[in-house]
2 protein chains.
Amino acid sequence: MQLNNTSKYAIRILSYISNKGQCSAKELSEKLSIPYKFLTKITTELVKADFILSIRGREGGYKLSRESCNITIMEILKHFNEFNHQKECLLGIGMCDGKNKCGMHDQWAKPKKMIQDMFENTTIENLEKNSYKI
Amino acid sequence: MQLNNTSKYAIRILSYISNKGQCSAKELSEKLSIPYKFLTKITTELVKADFILSIRGREGGYKLSRESCNITIMEILKHFNEFNHQKECLLGIGMCDGKNKCGMHDQWAKPKKMIQDMFENTTIENLEKNSYKI
DNA sequence: GTTTAATTCTACCTTTTAGTAGTATTTAAC
DNA sequence: GTTAAATACTACTAAAAGGTAGAATTAAAC
Ligand code: SF4
Ligand code: SF4
């Protein structure tokens, strides 16, 4: 029931960049305790997905490519396949409609809605500042 | 954000056994579309954890070792390491107390409580019957 | 223009999760 | 007692997630 590491790292990276304005991969790696090479893999992905933009060369780094209030957690999670179409549910019955549902459906409905709304409504701006530690 | 396959299978297995009374690994494998060898690995684990008891030899199979109303989803998930001590949270800050918390803590608190309560309060008996399909 | 500090690309390695194979053991039915 | 249908044990393989290595590219600083 946890997010995968890549998603967790991505959230913390975006949060840190948001608070810092601009910063390098080296700084991110050190401050967030994320292995440098793995971090750059994720930041490169974040650049391609237009969450951040990169400034190459000396004195370079990353900064947000849009306002932090316009980046929702849900958008990040979807990008890293955390909430894709058929994988959003507990027991993962293939096509769930009125007729076919898994045994947990009724119990899962409310908490699921709540957590999805939370992910939709929470943006990078909303996150607690300076709470980027491990 | 999904449960792992083993946990999902375990819930469906227990639900099916509960509705059927007693049944063999072969039947479980066929009806639940779970690979036979993988299924027996899980049932053996369920026997050791005292969720079910096995009847060996010809005409054998499995049945619940306690009332279905006494088996909570939470207990199953905990057994398969889905909700162990430090792994229950989103961003996974090491030791979260009043001082140290991850950026998502405030937003996550309510949905987390809700889903945990749901897992605590839902038993095998509560699950929708005959909703054991893939 | 050279240096240096930065990002990017390609490819590989490691760990965990998921699944498979084969054999041994148990026990009711005959 | 032999057979057949069942579970249990040991060990392996495959796929996905997590992480590493090294070289190539970029651009500000000097
Ligand atoms: S039946 Fe409901 S809870 Fe189960 S996988 Fe489908 S949508 Fe999710
Ligand atoms: S700070 Fe809160 S939300 Fe974050 S990992 Fe700890 S308990 Fe979970």
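Here is how names work: the chains are called A, B, and so on, in the same order as the sequence lines, proteins then strands, and each is numbered from 1.
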Determine: side-chain N/O of A:Asn5 to OP1/OP2 of D:dG19, distance under 4.0 Å, yes or no. yes
What residues 43-55 of chain B contributes to the DNA chain C interface at heavy-atom separation below 4.0 Å is none
State, yes or no, whether a side-chain contact exists between B:Ile73 and A:Gln107 at a heavy-atom distance under 4.5 Å. no
B:Phe119 vs A:Trp108 aromatic rings, parallel, tilted or perpendicular, using cut-offs 30° and 60°? parallel
Determine, using the 4.5 Å side-chain heavy-atom cutoff (strictly less than), whether B:Ile52 and B:Met74 are members of one ILVMFWY cluster. yes
Students often get this wrong, so: under 4.0 angstrom with heavy atoms, is A:Tyr9 touching a base, only sugar-phosphate, or nothing? sugar-phosphate
What about B:Leu14 and B:Phe38, same hydrophobic cluster or not, with Ile/Leu/Val/Met/Phe/Trp/Tyr joined at side-chain heavy-atom distances under 4.5 Å? yes
Would you kindly give the CD-to-C1' distance between A:Glu27 and C:dT7, to the nearest whole Å? 15 Å
Comparing B:Ser24 with B:Lys41, nearest DNA chain D nucleotide closer to 5' gives the residue B:Ser24
Starting at atom NZ of B:Lys37, determine the distance to atom P of C:dA24, rounded to an integer number of angstrom. 12 Å
Side chains of A:Ile17 and A:Leu46, heavy atoms from C-beta outward: is any pair under 4.5 Å? no
Main chain of B:Leu39, side chain of B:Thr43: is a donor-acceptor contact present, judged purely on distance under 3.5 Å? yes
Whole-Å distance between C:dT7 P and A:Ile13 CD1? 12 Å
Short side-chain N/O contact to C:dA18 OP1/OP2 from B:Thr6, under 4.0 Å: yes
Polar pairs (N or O, both sides) under 3.5 Å between protein and nucleotides 28-30 of chain D?
unit_1, atom_1, unit_2, atom_2, d
D:dA28, O4', A:Arg58, O, 3.4

Specify the separation, in whole Å, of atom CG of B:Leu39 and atom C1' of C:dA18. 14 Å
Out of D:dA6, D:dG19, C:dA18, minimum distance to the side chain of B:Lys26 belongs to D:dA6
B:Phe38 CZ to D:dT10 C1', in whole Å, measures 17 Å
hydrophobic_cluster_shared for B:Met118 and B:Phe83, side chain cutoff 4.5 Å: yes
Between A:Lys41 and A:Glu45, is the closest basic N to carboxylate O distance under 4.0 Å? no
Atom-pair distance (CG on A:Leu32; C1' on D:dG19), nearest Å: 17 Å
What nucleic acid atoms does B:Tyr62 come within less than 4.0 Å of, heavy atoms only: base, sugar-phosphate, or nothing? sugar-phosphate
Does the side chain of A:Phe51 reach to within under 4.5 Å of the side chain of A:Ile13, using non-hydrogen atoms? no
Quickly work out the B:Ile42 CD1 to C:dT20 P distance and round it to whole Å. 11 Å
note: A:Gln2, atom CD; C:dT16, atom C1'; distance rounded to Å ~ 14 Å
